[in-house]
Amino acid sequence: MAARKLIVVFGATGAQGGSVAKALLSDGVFAVRAVTRDPSKPAATKLKQAGAEVVSADLDNEKSLTAALTGASGAFVVTSFWEHFSKEKEVAQGKVIADLCKKLGLSHVVYSGLEDVKKLTGGKLEVLHFDGKGEVEEYFRAICCPMTSVRLSFYFENLATNGKPQKSKDGKTYDLDIPMGDVPMDGFSVADVGPAVCSILKNPSEYIGKNIGLSGDKLTIQQYAEIMSKVTGKPIRDTKISPEEYEKRGFPGAHELADMFRFYLTKPDRDVKLTRKLNPNTKTFQQWMEENKESFNNL
């Protein structure tokens, strides 16, 4: 029996990489090399027990990246702007990985990318955690490295963390502050990215060179609020906040996130039908809420 092709999964103990590693291990078609900075983490130990080869590498250490990618047929690459808040650093990390993938002859890279909003809008909007990934997408293609970009939507998980509804001033309702007006916003559970990436890696001729926008649902903020209210039994309302009001909140990153929502208002390409083709078990928001109801117990 021929040896299985090896897929290297970056960020394997994080949300996206963890989902991809889990899906690949469950599918069994590929051998998996899971990359993490700390192989002693409980999540890394679990991956090893599930059959992955776990290796240590750092996105700022080219030697460790070379070792991690040597012998691989493909890779899932994810970088994190939020670890350092530097677009330049994220671009530099992405380009080093792209160069190595090209040099080492990988046949297919799935990159967790996003649009270069600043370039698309002629500088009118600037979303640093999108723009850097957009530059790296272009670089992969400029050097002719075979790559598919998966562009995720707004995480459902955000609504249980930093985007959780807040008690209103009158104390009677909970406010969902997302400046989208009545324009539907694509949403997606990060846990569902793995099976989609697995499908892409198994069908390279169909997906190399493409940008694939992943989405589990297209709902207005009012619809998100109604589903949240129904599942939690608590009155949650869409405040109809504008992007201008949102950025005046003044928290770190408020302006950038306001520009992100302005970009969402242009309806970037996210394809629910294709997402479900790649992962038939992709959750709708209703399904996700029912599975994660306990995350809202402390509203």
Side-chain angles (χ1 to χ4, degrees), residues 1-39 41 43-80 90-113 133 136-150 193-212 278-279:
M1 187 172 143
R4 291 179 299 166
K5 290 181 178 178
L6 176 65
I7 303 296
V8 175
V9 179
F10 285 89
T13 55
Q16 288 193 40
S19 175
V20 171
K22 181 181 175 183
L24 291 172
L25 288 165
S26 176
D27 183 74
V29 167
F30 299 105
V32 176
R33 180 180 290 158
V35 179
T36 177
R37 278 178 302 201
D38 182 4
K41 280 183 182 178
T45 302
K46 275 188 177 180
L47 288 169
K48 193 171 184 179
Q49 290 169 345
E53 174 194 359
V54 177
V55 301
S56 174
D58 189 302
L59 293 179
D60 296 317
N61 183 321
E62 187 172 340
K63 187 177 179 182
S64 72
L65 295 175
T66 302
L69 286 164
T70 297
S73 170
F76 172 73
V77 176
V78 59
T79 56
S80 177
E90 186 170 29
V91 170
Q93 290 174 339
K95 285 184 174 180
V96 167
I97 292 177
D99 285 336
L100 288 172
C101 289
K102 172 75 173 178
K103 178 182 174 184
L104 295 168
L106 271 68
S107 60
H108 192 186
V109 178
V110 178
Y111 173 63
S112 180
K133 293 178 180 70
V136 174
E137 281 184 358
E138 285 197 3
Y139 187 76
F140 264 104
R141 287 172 179 142
I143 64 171
C144 299
C145 182
M147 185 271 285
T148 304
S149 180
V150 290
V193 69
V197 169
C198 184
S199 292
I200 291 166
L201 286 166
K202 287 164 75 172
N203 296 280
S205 61
E206 194 172 346
Y207 297 115
I208 284 175
K210 293 186 178 177
N211 300 320
I212 296 176
L278 293 167
N279 176 7

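What you see is a predicted model; the values in this text were computed from it and never measured.
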Query raised in the report: Can you tell me how far NZ of Lys133 sits from OG of Ser80, rounded to the nearest 0.5 angstrom?
Result: 7.0 Å
Report summary line: Closest non-hydrogen atoms of Asp38 and Ala44, given as atom of the first, atom of the second and distance, are O-CB, 4.0 Å
**Report entry** Reported CG-to-OG distance for the pair Leu104 and Ser73, which is rounded to 0.5 angstrom
**Finding:** 12.0 Å
Query raised in the report: So, does Ser19 use its side chain to make a donor-acceptor pair with the main chain of Ala15 at under 3.5 Å?
Result: no
Requested in this report: Using atom types as modelled and distance alone, determine if a side-chain donor or acceptor of Lys95 lies under 3.5 Å from a backbone N or O of Tyr139.
Outcome: no
Requested in this report: Mind listing the closest non-hydrogen atom pair of Leu100 and Leu69 along with its distance?
Outcome: CB-CD1, 3.9 Å
Query raised in the report: If every non-hydrogen atom of Val109 is compared with every non-hydrogen atom of Cys145, which pair is closest and at what distance?
Result: CG2-SG, 4.1 Å
Report summary line: CG (Leu65) and CD (Gln93) are apart, to the nearest 0.5 Å, by 8.5 Å
Requested in this report: For Asp27, check side chain to side chain donor-acceptor pair (under 3.5 Å) against everything at least two apart and list the hits.
Outcome: Lys202
**Report entry** Exam field: side chain Thr148 to backbone Tyr207, donor-acceptor pair closer than 3.5 Å
**Finding:** yes
Query raised in the report: Does any N or O in the side chain of Ser64 come within less than 3.5 Å of the main-chain N or O of Asp58, such that one atom is a donor and the other an acceptor?
Result: yes
Query raised in the report: Which pair of non-hydrogen atoms, one from Leu47 and one from Ala34, has the smallest distance, and what is that distance?
Result: CD1-CB, 3.9 Å
Report task. Please name all residues satisfying side-chain contact (heavy atoms from CB on, under 4.5 Å) with Ala31, sequence neighbours left out, ordered by chain then number. Result -> Arg4, Leu6
Query raised in the report: Going from CZ on Arg37 to CG on Asn61, what distance comes out if it is rounded to the nearest 0.5 angstrom?
Result: 12.0 Å
Query raised in the report: For Glu206, does its backbone N or O pair with a side-chain atom of Lys210 as donor and acceptor, under 3.5 Å?
Result: yes
Requested in this report: Kindly give the heavy-atom pair with the smallest separation between Ala68 and Val55, and that separation in Å.
Outcome: CB-CG2, 4.2 Å
**Report entry** Close side-chain approach of Leu278 to Ile200, heavy-atom, < 4.5 Å
**Finding:** yes
Query - Under the side chain to side chain donor-acceptor pair (under 3.5 Å) test, residues paired with Glu138 that sit two or more places apart - result: Lys119
Requested in this report: Would you indicate whether the side-chain heavy atoms of Phe76 and Leu201 approach each other to under 4.5 Å?
Outcome: no
Query raised in the report: Rounded to the nearest 0.5 Å, how far does NE2 of His108 lie from CD1 of Ile7?
Result: 8.5 Å
Query raised in the report: Can you check whether Pro39's main-chain N or O pairs, donor with acceptor, with Ser56's side chain at less than 3.5 Å?
Result: no
**Report entry** Minimum-distance pair of heavy atoms, taken over all atoms of Glu137 and Ser149
**Finding:** OE2-OG, 2.5 Å
Query - Thr79 and Tyr111, any side-chain heavy atoms less than 4.5 Å apart - result: yes
Query raised in the report: Are any non-hydrogen side-chain atoms of Glu62 and Thr66 less than 4.5 angstrom apart?
Result: yes
